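I have placed the structure first, in the form of C-alpha cells, so that the comments after it can refer back to it.
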Amino acid sequence: MRSAADVVLEIERRVADGVLRPGDRLPPVRTLAHQVGLAPNTVAAAYRTLQGRGIVIGRGRSGTFVTARPPLPAASMVPVPAGVVDLSTGNPDPAFLPDPSGALTADAPLVLYGAPPTDPTLAEAAAAWIAQDSFGAEPPMVVSGALDGMERVLAAHLRPGDRVAVEDPAYASVLELLTVLSLMPVPVDHDDDGPLPDQFEAALRSGVQAVVLTPRAQNPRGSTVSSARADRLREALARHESVVVIEDDHAGRVSGAPLYSVIDASRPRWAYLRSAAKELGPDLRVALVASDPTTRHRLLGRQRVGPGWVSHHLQRAVAHLLTDPAASSLLTDAAAAYAARRERVIARLAAAGVTAHGRSGLNVWVPVADEALVVAGMRERGFAVRGGFAFRLKAGPGIRITVAAHGFERLDRAVDALIGLLGEGEGLRSG
C-alpha cells in the first residue's frame, strides 16, 4: 500500500467480501500504520474517508468499527442458517399485510413527464392517514420511504459537521444516514415514555441543528412518547426555534400506541414522516412528508432534479389500501397481535427476573451484559437475534428481538432459550 486511497480500497474490498463483518473493529490507526508501512496520518485520513462514506464509524476511545449496513454491494448481516428462527429482521408479519393487487389494474391512467408528483388518489387519502389537521395546510410530499424523506430533510437544512440529537439507542439506519451525511449524532437517553426531558434540553442548549425523534414504536427499544412527555419536549423545543424537528412515525396504526407529536406546526422548520412499510408492506416504497412550506419547497425542488416522482402505480396502491375497509380491519388485527406478542415476551422474561422493554412496535429490547455472547449463544440454540451494537452510541448493551412475525409457541421457545442462556453466567445478565 502506498497511499490512503490504497487503504480505503483494501478495507472496502474486505467489507464487500465479508472478511470484515458489520460490527467488526478495525485496528487502531498506529497499529495498522505499522502493519502496512504508512504514516499514522495517512491511515487516519483513510479512516476519515471510510467514515464519510458510511462504511465505518468511530466510537471515540472504543475504536473504529464497520457500520451495521455499509453501503457496499454485500450482505450487511451474517446470514441466518437454515433451521435457525430469524428474530432479527424487524419485519412485520406477512399474514397482516393487505393485498395491493386490487389497485394495480391494467387500465390505470398513464403518467408522463410533467404530471404532478403526487397522484390525486393518494393526495385525497393522505390527509386522514397523517392527521393533516395536526400538521398544517400544506399538502404532504411523497418520497420513497421514511429514510429517503429523512435524508432529504437533513440535506435541505444541514451541512457536514452539524450536530443532530438522536435517541440512544436509536434506529441503526438513522445513525448510518448521519454518518454518510457527515453529521454528528448527539445521544439522548430515553425510557418507555420517550426522550428524557433533562437530557433533551441539554442537547438543545448544546447547539444541535436538528433533532430526530420517534413518537411511537421506537426502534429498537419500543418507547412511545406519552402525552405528558410530548408536552415537556414541545416546551423545550419552543425555546429553540431554529432547530429542525424531524418526527419519524414509521409504524403508524400497527404501533399499538396513540400518536402524541412534539411538533408545533407554527415553528419555522419541521417534518413529520409517515411510512407505509410496516403497515402495508416494505416493498411499497412510499412515505409521506408533512412539513413547513420552506422544507416542502426545497424537497420538491431537489426531487424534481433527481428521480422526479415516486411511481404513481405505487401511490395508487397505497391510496387503495388506505381507503379499503378490509385492509383497515387487517391493520387493527395486526396492532392487536403485535401488542399481544410483545406483552407475552416481556411478561415471561419478567417472571424470570429479566428486564425487557417494548411498549409499542414490532420489537422487544433486552438489556444484557455482553450482547455478542448472547447473540452467539442464542444462535447456537436455534434463534437469531440482533445485537445492540448497531443501535447504540453511549447506551448500555442489549439485544433486539423482533416479535411481530412469530406466534406464541415460537416466541415461548425463544424466551425459554434466552432465560436459560442468561442463567448460565452472571456475566451475561444485565445488572
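Heavy atoms only: backbone and side chains are in, while hydrogens, waters and symmetry mates are out. We're numbering straight along the sequence, starting at 1. Keep in mind that this is a model prediction, so the values were computed, not measured.
R302 and E151 are not joined by a salt bridge, as no carboxylate oxygen comes within less than 4.0 angstrom of a charged side-chain nitrogen. Comment: R221 engages D192 in a salt bridge, judged by a side-chain N to carboxylate O separation of less than 4.0 angstrom. Salt-bridge check for R232 with E235: failed, with every basic side-chain N at 4.0 Å or more from each acidic carboxylate O. The existence of a salt bridge linking R239 and E201 is confirmed by a sub-4.0 Å separation between a basic side-chain nitrogen and an acidic carboxylate oxygen. Between D148 and R285 there is no salt bridge, since no side-chain N of the basic residue sits under 4.0 Å from a carboxylate O of the acidic one. Between R392 and E371, at least one side-chain N (NZ, or NE/NH1/NH2) sits under 4.0 Å from a carboxylate O, which counts as a salt bridge. K394 has no carboxylate O lying under 4.0 Å from a charged side-chain N of D189, or vice versa, which leaves the two without a salt bridge. With salt bridges taken as basic N to acidic carboxylate O contacts below 4.0 Å, one links R234 and D231.
In plain terms, the two heavy atoms of R386 and V375 that are nearest each other are C-CG2, 4.3 Å. Considering every non-hydrogen atom in both V225 and G194, the closest pair reads CG2-CA, 4.2 Å. Nearest heavy atom pair, residue V84 against residue A384, reads CG1-N, 3.5 Å.
For the pair T224/S255, no side-chain contact is recorded, criterion being any heavy-atom separation below 4.5 Å from C-beta on. Looking at L183 and Q209, their side chains never come closer than 4.5 Å, going by heavy atoms from C-beta outward. Between L177 and L154, the closest side-chain pair of non-hydrogen atoms falls below 4.5 Å. For the pair L178 and M184, the minimum side-chain heavy-atom distance is 4.5 Å or more. Using a 4.5 Å cut-off on side-chain heavy atoms (C-beta onward), S360 and Q218 make no contact. Side-chain contact check for L97 versus L330: every heavy-atom pair is 4.5 Å or farther apart. A 4.5 Å side-chain heavy-atom check between D264 and L237 finds every atom pair outside the cut-off. Residues R216 and D249 form a side-chain contact, since some pair of their non-hydrogen atoms from C-beta on lies under 4.5 Å apart.
By the 6.0 Å contact criterion, CG on D283 is open, its count of non-hydrogen atoms from other residues, nucleotides or ligands being 12 or less. With a 6.0 Å radius and a threshold of 12 heavy atoms from other residues, nucleotides or ligands, E241 has its CD atom at or below the threshold. Sparse packing is recorded around NE2 of H34, with 12 or fewer heavy atoms of other residues, nucleotides or ligands lying under 6.0 Å away.
Below 30°, between 30° and 60°, or above 60°: for W365 and F391 the angle between ring planes is above 60°, a perpendicular geometry.
Interatomic distance, L418 CG to I399 CD1, rounded to the nearest 0.5 Å: 5.0 Å. For the atom pair CZ of R341 and CG of L411, the computed distance is 7.0 Å after rounding to the nearest 0.5 Å.
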Might you work through the side-chain hydrogen bond (donor to acceptor under 3.5 Å, both in side chains) test for H250 and T214, ending with a clear yes or no?
-> CA-CA 8 Å; H250 67 99; T214 313; 5.7 Å; no
